[in-house]
Amino acid sequence: MDYLKSLNNSQNEAVNNLEGPMMVIAGAGSGKTRVLTCRIANLIQNNVDPFHILALTFTNKAAKEMKKRIGEIIGDQEARNIWMGTFHSIFARILRKECEKIGYPKNFTIYDTQDSKSLIKTIVKEFHLDDKLYKPGIVYNRISSAKNNLISATAYTKNTDIIADDRMNNRPKLGEIYMEYQKRCFKSHAMDFDDLLFKTNVLLKDHADVLHRYQHKFKYILVDEYQDTNYSQYLIVKRLAALNENLCVVGDDAQSIYAFRGANIQNILNFKKDYPDFKLFKLEQNYRSTKIIVDAANSIISNNTEQIEKKVWTANSEGDKIKVFKAATDNEEGKIVANSIFDNQQREHAKNLDFAILYRTNAQSRSFEESLRKLNIAYKIYGGLSFYQRKEIKDLLSYYRLTANHNDEEALKRVINYPKRGIGKTSLDHAMVAASENGKSLWHILDNPGKYPLAINNGAKSKIKDFIAMIKSFAANLEKLNAYDIAHQIASSCGLLKELYNDKSPEGLSRYENIQELLNGIKEFSDNASDNEVRFLSDFLLDVALLTDADNDKPEDQDKVTLMTIHAAKGLEFPYVYIVGLEENLFPSQLSLNTRVELEEERRLFYVAITRAEKKAFISFASSRYKWGNVIQCEPSRFIEEIDEKYLELSEQKSKAAGQDLPFANSSRFLDKSKKTQTTVQKPIISNHLKKVSNQPGASVNMEKIAEGANVSHARFGKGKVIKLEGSPPNVKATVFFPNVGQKQLLLKFAKLDVID
DNA sequence: TGCCCGGGTGTTTTT
DNA sequence: CACCCGGGCA
């Protein structure tokens, strides 16, 4: 078998170990994916039916990629039958089949984070709790981590440790919110991301017959990125593998970067407790990067205390030193990086796609976008607001969701009055109250006006009736038409398409195009059905809830510089990698500085970043950057100092604006370490304070000068003329005519009006 | 009921 | 700076 010949010894051993529990510790760039794909191919060559293989990956993209590669070895037909995907997508599929056993209807909806947070917000409001204390994000994370540790709402409210913890944080009602949240999700026939795993656990725990079925089905289980699995995922795998114990987990403890969302590095460290006779394989030869990059990465990670012993090495050439750029400002950082990319393209005939700019937070992308655009270098940003989170897309998807599952409350609330059909907040509030009083879903209340009379006017009543009838008429076709046909029908008859079509602004146009793109996607989904299979809308909804932007690569995006967070870059590689924003409080993040454990995760993140590079790695930081409209001073990240100096090339970019800066070596390296913990937020606080003062109501000198007939200017409306003044100070209201925007009424104490002579 | 203004608030990372 | 939310007004 040819594909086995290209493997090195340790890879070969792992690939040929077909049975029993095994763990592969795979250093960065050591050919992990290759081992996984070859091992699966090898299983199939050894007469294992692809139907009996379950391969769990971290992203959909990884699954797709791996399937493709396996297909190249053993043929697409065989590869197609492997159960391969993310934990979420695989178990959503299984739940779709089996969920009636745990009381859920088959058409359940998957709530994304937005839906969940919106529901939490309503609950907090209904409970009359302080929404500053119970912010949706905080509550969501708390519930999420409970679920990832398989703590149910009931268990949560009974757990004395948790109760004490929540009390201490002044949030004693979290348990009640969690209870209500679960109740509401269930009433809406919805599961959130964490439920998909939680409920799978429930299913496998309480239904021995189901467990046995899947234990027999999945005779061979592989888990990629095992270091990033959480307890809930760990237990699913353990349960499924219990019968045959043909379990292969692959991971790298040095690349564990998702502890913040419940990933448990102990899963790797504890593997030998569950499977004492497991076989351990270590892949330590790096094929990806130059010696310098590998050695520099090793010197970084050696600062961590908790790690599995391994020596990553490479036979590749030495390569260039890692260039470190210092920039005066974040904008200058953008310019330096873009120039350097341009430079390397010229010098080494590299393409756009050979380059990646990696940052800690999505917000950092802007300066790089601007600079790349100025140099005419094509780029693509991953992350940020994903396609599926755009308002217009969520709106249309909500129509689909509501059609498939009438009880989906978040979807219902989103679209019942969009486009406008005269069903306002008041009517909906009445219905919501009735829903919670009667323990019914919102839809049920609206659908049975006879049973649950609402104190709303007749106009609204008949509008609601029309809306209900419309959704029902859509639903009648759910299993008659394929996904595309019904999707198209709904899009045109719900009024959304028309609404967007009539909006001729540039944003409106792009929204319309996005809808078209979504429909194209559904068309493709429908057309991809195999022979004698029809793909319905509900099938699409299952898929779409778990898709992310990275799964959406378009051909025209092929030759572009990649901009993404380091998290998103996990598993990818590029010839040239720029790691930017290496500053204290940014990377490592300010929020990670409290504990060693969190700081070590940041360090692993840096390790992941640098090991993405094949040929050259670059590091940059700025001495000052904008944060919330204020300039703050920054210090170079401690991570730069942790790299052995012999791997670095310090490069100071001359810039007219930054002439007076201290010599680089003095300002960043050999810094007095005691100073490092100081934060430098003095300036922004002062400037913020000053800004506030100058905006004090009534403090404006201009106020006295403003008289009827005066020419004034406004930041947004431009120049205008005061037509009328009324009221007495400080509540003087001015009617101003702006030639550009028309007549406006402004309260002088708020509006920033300047008198122009 | 809906729009518009201005104030308040916030940035980790994501399936 | 940029978004979201609430209040006030049409």
Side-chain angles (χ1 to χ4, degrees), chain A residues 56-63 85-92 110-113 116 121 125 131-132 135-137 140-141 144 148 192-197 225 228-230 232-233 257-263 358-366 382-386 388-389 417 420-429 456-457 459-460 545-551 564-570 581 585-593 598 601-602 604-605 608-609 625-631 684 688 691-692 695 697 714-717 733 741 744-747 749-752:
Chain A
L56 297 163
T57 61
F58 193 71
T59 60
N60 296 303
K61 198 178 170 188
T86 61
F87 272 89
H88 289 92
S89 67
I90 293 285
F91 295 113
I110 299 171
Y111 272 1
D112 67 14
T113 311
S116 298
K121 214 160 146 185
K125 210 175 257 174
D131 58 358
K132 301 238 161 52
K135 285 183 204 160
Y140 177 77
N141 285 335
S144 172
N148 288 158
D192 66 16
F193 286 145
D194 304 313
D195 280 334
L196 294 175
L197 305 177
E225 309 280 12
D228 284 323
T229 52
N230 59 37
S232 182
Q233 292 166 325
I257 54 174
Y258 282 97
F260 72 92
R261 76 174 208 221
L358 307 180
Y359 34 74
R360 178 70 238 271
T361 64
N362 281 309
Q364 286 164 258
S365 67
R366 219 196 51 208
Y382 292 81
L385 190 63
S386 100
Y388 298 102
Q389 287 168 12
N417 200 31
K420 301 261 145 55
R421 43 175 78 86
I423 306 171
K425 195 173 167 302
T426 329
S427 310
L428 208 59
D429 280 348
I456 54 178
N457 67 47
L546 302 167
L547 285 182
T548 53
D549 254 13
D551 310 319
M564 56 169 54
T565 63
I566 301 165
H567 281 90
K570 189 170 83 159
N585 296 330
L586 179 61
F587 193 15
S589 150
Q590 192 164 14
L591 298 163
S592 72
L593 298 180
E598 284 174 296
E601 175 147 320
E602 294 284 305
R604 291 193 296 268
L605 194 55
V608 168
R625 70 171 62 239
Y626 272 93
K627 194 175 190 183
W628 299 330
N630 292 310
V631 176
N688 216 351
K691 205 170 108 192
K692 282 252 164 66
N695 286 347
H714 184 273
R716 194 136 47 94
F717 302 140
K733 188 168 78 180
V741 283
K744 294 274 169 195
Q745 303 218 315
L746 305 165
L747 275 175
K749 68 175 172 181
F750 292 129
K752 283 165 224 157

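Residue numbering restarts at 1 for every chain, and letters A, B, ... go by the order of the sequence lines. Since we're looking at a predicted model, the values are computed, not measured.
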Within the pair [X] and [N], is there a side-chain N or O less than 4.0 Å away from OP1 or OP2?
X         : N       : value
Lys132(A) : dT9(B)  : yes
Thr565(A) : dT14(B) : yes
Lys135(A) : dG10(B) : yes
Asn417(A) : dG2(B)  : yes
Asn362(A) : dT13(B) : yes

Return the value, rounded to whole Å, for the distance between atom [atom1] of [X] and atom [atom2] of [N].
X         : N       : atom1 : atom2 : answer
His567(A) : dT13(B) : NE2   : C1'   : 4 Å
Met564(A) : dT13(B) : CE    : C1'   : 13 Å
Asn60(A)  : dT15(B) : CG    : C1'   : 8 Å
Tyr140(A) : dT15(B) : OH    : P     : 11 Å
Gln590(A) : dG10(B) : CD    : C1'   : 13 Å
Glu225(A) : dT14(B) : CD    : C1'   : 14 Å
Leu56(A)  : dT15(B) : CG    : C1'   : 13 Å
Phe87(A)  : dT15(B) : CZ    : P     : 15 Å

Leu591(A), nearest nucleotide to its side chain (from dT14(B), dT11(B), dT15(B)): dT11(B)

Nucleotide of dC3(B), dG10(B), dT15(B) approaching Lys420(A) most closely (side-chain heavy atoms): dC3(B)

For Phe260(A) and dT13(B), are the ring centres under 5.5 Å apart with planes inclined under 30°? yes

How is [X] classified with respect to the nucleic acid when contacts are heavy atoms under 4.0 Å: base, sugar-phosphate, or nothing?
X         : value
Thr113(A) : base
Ser232(A) : nothing
Tyr258(A) : sugar-phosphate

Is the shortest side-chain heavy-atom distance between [X] and [Y] below 4.5 Å?
X         : Y         : result
Phe193(A) : Leu546(A) : yes
Val631(A) : Tyr626(A) : yes
Asp131(A) : Lys125(A) : no

Report the relative orientation of the aromatic rings in Phe58(A) and Tyr258(A); use parallel for angles under 30°, tilted for 30 to 60°, perpendicular for over 60°. tilted

Between Phe58(A) and Gln364(A), the residue closer to the 5' end of DNA chain B by nearest nucleotide is Gln364(A)

Can you work out whether Ser592(A) or Ala460(A) has the more 5'-proximal nearest nucleotide on DNA chain B? Ala460(A)

Under 3.5 Å, which protein N or O atoms sit close to an N or O of nucleotides 2-5 of chain C? Give each pair with its distance.
residue : atom : partner   : partner atom : Å
dC5(C)  : OP1  : Lys121(A) : NZ           : 2.2

Sorted by chain and number, sequence neighbours left out, ring-ring contact (aromatic ring centres under 6.0 Å, His included) with Tyr111(A) holds for none

Using the C1' atom as the reference point in each nucleotide, state the distance between dT11(B) and dG6(C) in Å, no decimals. 23 Å

Criterion side-chain hydrogen bond (donor to acceptor under 3.5 Å, both in side chains) on Ser592(A) and Ser589(A), from CA distance to verdict: CA-CA 5 Å; Ser592(A) 72; Ser589(A) 150; 4.8 Å; no

Before you tell me yes or no, could you show the steps for Asp195(A) and Ile110(A) under side-chain contact (heavy atoms from CB on, under 4.5 Å), namely the whole-Å CA-CA distance, both residues' side-chain angles and the distance that decides it to 0.1 Å? CA-CA 9 Å; Asp195(A) 280 334; Ile110(A) 299 171; over 6 Å; no

Please test Leu197(A) against Gln233(A) for side-chain contact (heavy atoms from CB on, under 4.5 Å), starting from the C-alpha separation and ending with a verdict. CA-CA 7 Å; Leu197(A) 305 177; Gln233(A) 292 166 325; 3.6 Å; yes

